[in-house]
Amino acid sequence: MFGNLQPQAPDKILALMGEFRADTRQGKIDLGVGVYKDPTGLTPVMRAVKDAERRIWEAETTKAYTALAGEPAYLNALSRMVLGEGLDDSRTAALSTVGGTGAIRQALELARIGNPDLTVHVSDPTWPNHLSILKFMGVPFVEYRYFDDATRGVDFEGMKADLGRAQKGDLVLLHGCCHNPTGANLSMDQWAEVAGILDRTGAVPLVDLAYQGFGDGLEEDAAGTRLILSRTPEALVAASCSKNFGIYRERTGMLLAQVRDAGARDLAQGTMAYLNRQNYSFPPDHGARIVQVILDDEALSADWKAELEEVRLGMLALRQQLAEELRNLTGSDRFDFIEQHRGMFSRLGATPEQVAKMKDDNAIYMVGDSRLNIAGLNRDSVPILARAIVEAGV
Ligand code: LMR
């Protein structure tokens, strides 16, 4: 029965993690996988998370299953964080998922049940696992232009032209904030134009919101998503708590489905719970409970937001330092886009050869498309990276 198995092409981000681990050089710098690191190189457990875990441990009396769609209190608290006051419970179904990736997968399964002839529109470029999951599921997809290699900003004219070709019932996958892998994001005016295109074409947005709080702030980072949902009758949102709560391995995510009315909501909710049952039955609970305990407690929530803000501002400071170092070294402002990008990532615009040279000569690891994880830097490694970028001829 196993005769048909084929070697799978390794995920390029995960493969890079392995390569970095195997490198024995002193002072190696990991700018690969999207995991936050503090200035000492650690991925800390956030203070509020530790506190919430202690409270859970003390109060917990059972490990019996939670609800099939996940704990209602968690879904309620996280839905409010994502959608704010605009949340319309009567039209919104919510599902606890195995991380943000699980939410993406369930969203695609749901959309395919809703429309078996589904085509998905994805940004060029996008997170490689989006494409991998789509290929695995056999769901057809087309790319829309997104990144302008010359300006390292959004190619908005190209994006609009390509999205204008979407058909009714297609799915348009958008990054809610902190675009992965480029770091180039839509302005609110541009979000409004995208909402107009969705309205005109009848295509449905699927917003991947994996970095809320890492760009311009918790509320600001959800603003595009909220605007889209306020202007489209149907929408899907895949939210992840991996980064903003720092609970990567707890696999905590949520799928939201906004539908036309209460009847459609019940159908969507039932189908989503069914999808959990088919894929892994009950969702994991520990991370979800941490998030719910934090969000429902004023003091814990304030502490979590303060620490998240430290993380965000730390990444912004590193962006500024790197742009400044590069201004000084090159005598030009051509790397200023690093300061304008938001979130964990920036696409540098280096060739694969230049990326390889930085790895070989300087033990600096970034993804082959020259995506670098800003959070992998610290004040001391920024000048090393800046010099390596110049020496590689970027
Ligand atoms: C990334 O893009 O590096 C993260 O989302 C981690 C992952 O699973 O790829």
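Computation of the quantities below employed the complete heavy-atom set of this structure, encompassing side-chain atoms and omitting hydrogens, waters and symmetry-equivalent molecules.
Under a 4.0 Å N-O distance rule, the pair Glu339/Arg327 qualifies as a salt bridge. Between Asp23 and Lys359 there is no salt bridge, since no side-chain nitrogen of the basic residue lies less than 4.0 Å from a carboxylate oxygen of the acidic one. One finds a salt bridge joining Asp162 and Arg165 here, because a Lys/Arg side-chain nitrogen approaches an Asp/Glu carboxylate oxygen to under 4.0 Å. With respect to the salt-bridge test (charged N to carboxylate O, under 4.0 angstrom), the residues Lys305 and Glu309 do not qualify. The pair Asp360-Lys357 does not count as a salt bridge, with every side-chain nitrogen at least 4.0 angstrom from each carboxylate oxygen. Salt bridge annotation for Arg231-Asp199: absent, with no cationic side-chain nitrogen under 4.0 angstrom from a carboxylate oxygen. Taking the charged nitrogens against the carboxylate oxygens, Arg289 and Glu53 have no contact shorter than 4.0 Å, which rules out a salt bridge. Salt bridge absent: Arg371 and Asp369 never bring a charged side-chain N and a carboxylate O closer than 4.0 Å.
Residue Arg25 qualifies as enclosed at atom CZ: its count of foreign heavy atoms under 6.0 Å is above 12. More than 12 heavy-atom neighbours from other residues, nucleotides or ligands sit within 6.0 angstrom of NZ on Lys28.
At a threshold of 4.5 Å between non-hydrogen side-chain atoms, the residues Arg319 and Ser346 count as touching.
In this structure, Tyr36 and Phe214 have perpendicular ring planes: the angle between them is above 60°, well past the 30° mark. Ring pair Trp127/His130 is perpendicular by interplanar angle, where above 60° counts as perpendicular and below 30° as parallel.
Of the possible polar contacts, one joining the Gln278 side chain to the Tyr274 backbone as a donor-acceptor pair under 3.5 Å is found. The main-chain N or O of Gln167 is found under 3.5 Å from a side-chain atom of Asp170 such that the two form a donor-acceptor pair. At least one donor-acceptor pair under 3.5 Å links the side chain of Ser123 to the backbone N or O of Pro125.
In terms of heavy atoms, Arg80 sits closest to Asp89 at NH2-OD2, 3.0 Å.
Judged purely by distance below 3.5 Å, without hydrogens or angles, the side chains of Thr66 and Glu71 pair a donor atom with an acceptor atom.
The distance between the ring centers of Tyr211 and Phe345 falls below 6.0 angstrom.
Each of Leu372, Leu385, Asp30 was scored for a side-chain contact (heavy atoms from CB on, under 4.5 Å) with Ile364, with one residue passing: Leu385.
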*Given the rule in the side-chain contact (heavy atoms from CB on, under 4.5 Å) test, do Tyr146 and Leu186 qualify, once you have shown the distances and angles that lead to the verdict?*
CA-CA 10 Å; Tyr146 185 81; Leu186 299 179; 4.3 Å; yes
